[in-house]
Amino acid sequence: MLTTVLRGLAAASLAVLPLTLPTPAHAVETLPLTEAVSRLPVDAESRDGYDRDAFKHWNSGDDPADGCHTRNEVLIAEAVEPPTVGPRCRLSGGSWFSYYDQVEVTSASGLDIDHMVPLAESWDSGASTWTPQRREAYANDQGAAPSLVAVTARSNRSKADQDPAEWLPPAGEVHCRYVAEWVGTKLRWNLSADEAEVTALQETAAGCPDQSVTYEPAP
């Protein structure tokens, strides 16, 4: 009789177990751009103490065995026509499309790898409190395609460390995409936005009714 009761209790426990499992900590979310903007924590920004060297990059990339650092791994991943990968991950040939300015590039040396949310901006928005390890993970983030973008050196240097209140890509037709990727990156890393930035994001989002944002919180 006791064995039967114990078996019954075990079965009942198993039956309810799925209902008590926690929600995955890093679930992917997709939501309209306007809603995504509203989820950004709003806070004042400060660049006190900022040093670009606080963000170790480029490191050995997602696959240390391939001999390529993060920059070259991104170039290989984003190539329209794959480059030839030589000794010590030297890239030759290949082509890329810089979406900021709608320019085709046929030499890896003509490209910069842009941090969608610049390192200085991330510092202003919360990264100043992170550990060196987390800042390194941010600076080399290949876990979300929009985090690092291969674009022309000219467009990247025009952007510098400016947020969307100060700079948007020269190609107007990509503003919806750019703002969505900016917001998605900030949500991924739980970074804040200041009031001027949020206003600019809201204004752009109002003209992008069909644009969505997909992001996964960083580990």
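The model shown is predicted, which means the values in this text are computed figures rather than measured ones. In what follows, residues are counted from 1 in the order of the sequence shown.
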Under a 4.5 Å cut-off applied to non-hydrogen side-chain atoms, are [X] and [Y] in contact?
{"X": "Ser212", "Y": "Pro32", "answer": "no"}
{"X": "Glu104", "Y": "Ser95", "answer": "yes"}
{"X": "Trp182", "Y": "Arg177", "answer": "no"}
{"X": "Arg90", "Y": "Thr84", "answer": "no"}
{"X": "Ser155", "Y": "Ser98", "answer": "yes"}
{"X": "Tyr178", "Y": "Leu168", "answer": "yes"}
{"X": "Val151", "Y": "Leu111", "answer": "no"}

Of all pairs that satisfy salt bridge (Lys or Arg N to Asp or Glu O under 4.0 Å), the ones with a partner from [range], not counting sequence neighbours:
{"range": "residues 192-212", "answer": "Lys186-Glu197"}
{"range": "residues 154-165", "answer": "Arg47-Asp161, Asp112-Arg157, Asp114-Lys159"}
{"range": "residues 27-44", "answer": "Glu29-Arg39, Glu35-Arg39"}
{"range": "residues 64-84", "answer": "none"}

Positive for side-chain contact (heavy atoms from CB on, under 4.5 Å) with Ser147, one of Asp141, Asn140, Val117: Asp141

For the atom pair [atom1] ([X]) and [atom2] ([Y]), what is the distance rounded to the nearest 0.5 Å?
{"X": "Asp101", "Y": "Asn156", "atom1": "CG", "atom2": "CG", "result": "10.5 Å"}
{"X": "Glu121", "Y": "Thr185", "atom1": "CD", "atom2": "OG1", "result": "11.5 Å"}
{"X": "Ser38", "Y": "Leu201", "atom1": "OG", "atom2": "CG", "result": "11.5 Å"}
{"X": "Leu75", "Y": "His69", "atom1": "CG", "atom2": "NE2", "result": "8.5 Å"}
{"X": "Glu216", "Y": "Leu187", "atom1": "CD", "atom2": "CG", "result": "13.0 Å"}
{"X": "Ser107", "Y": "Leu91", "atom1": "OG", "atom2": "CG", "result": "9.5 Å"}

Short side-chain to backbone donor-acceptor contact, [X] and [Y], under 3.5 Å:
{"X": "His115", "Y": "Ala139", "value": "yes"}
{"X": "Arg135", "Y": "Ala127", "value": "yes"}
{"X": "Gln211", "Y": "Gly207", "value": "no"}

Examine [X] and [Y] and state if one hydrophobic cluster contains both, with Ile, Leu, Val, Met, Phe, Trp and Tyr joined whenever side-chain heavy atoms are less than 4.5 Å apart.
{"X": "Trp167", "Y": "Val103", "value": "no"}
{"X": "Val149", "Y": "Leu33", "value": "yes"}
{"X": "Leu148", "Y": "Trp189", "value": "no"}

Contacts of type side chain to side chain donor-acceptor pair (under 3.5 Å), residue His175, not counting sequence neighbours: none

For Ser122, all residues meeting side chain to side chain donor-acceptor pair (under 3.5 Å), sequence neighbours excluded: none

Please find the pair of heavy atoms, one from [X] and one from [Y], that lie closest to each other, and give the distance.
{"X": "Ala165", "Y": "Ala196", "answer": "CB-O, 3.7 Å"}
{"X": "Gly93", "Y": "Pro83", "answer": "O-CB, 3.5 Å"}
{"X": "Pro118", "Y": "Ala160", "answer": "CG-O, 3.6 Å"}
{"X": "Ala171", "Y": "Gln102", "answer": "CB-CG, 3.5 Å"}

Pairs where [range] contributes a residue and the test disulfide bond (SG atoms under 2.5 Å apart) is met, not counting sequence neighbours:
{"range": "residues 84-158", "value": "Cys68-Cys89"}
{"range": "residues 152-193", "value": "Cys176-Cys208"}
{"range": "residues 123-156", "value": "none"}

Working for side chain to side chain contact (heavy atoms under 4.5 Å, CB included), residues Tyr50 and Leu119: CA-CA 9 Å; Tyr50 171 67; Leu119 301 181; 3.7 Å; yes

Side chain to side chain contact (heavy atoms under 4.5 Å, CB included) assessment of Leu191 paired with Tyr138: CA-CA 11 Å; Leu191 295 170; Tyr138 177 83; 4.2 Å; yes

is_close_aromatic(Trp130, Phe55), centroid dist under 6.0 Å: no

Non-neighbouring partners of Ser128 that pass side chain to side chain contact (heavy atoms under 4.5 Å, CB included), sequence neighbours left out: Trp123

side-chain hydrogen bond (donor to acceptor under 3.5 Å, both in side chains): pairs with one or both residues in residues 53-64, sequence neighbours excluded: Arg52-His57, Asn59-Thr70, Asn59-Glu136

Side chain to side chain contact (heavy atoms under 4.5 Å, CB included) evaluation trace for Gln142 with Val74: CA-CA 8 Å; Gln142 295 185 68; Val74 173; 4.1 Å; yes

All pairs passing ring pair (Phe, Tyr, Trp, His ring centres under 6.0 Å) where residues 197-219 contributes a residue, at least two apart: none

Criterion side chain to side chain contact (heavy atoms under 4.5 Å, CB included) on Val105 and Phe97, from CA distance to verdict: CA-CA 6 Å; Val105 180; Phe97 186 72; over 6 Å; no

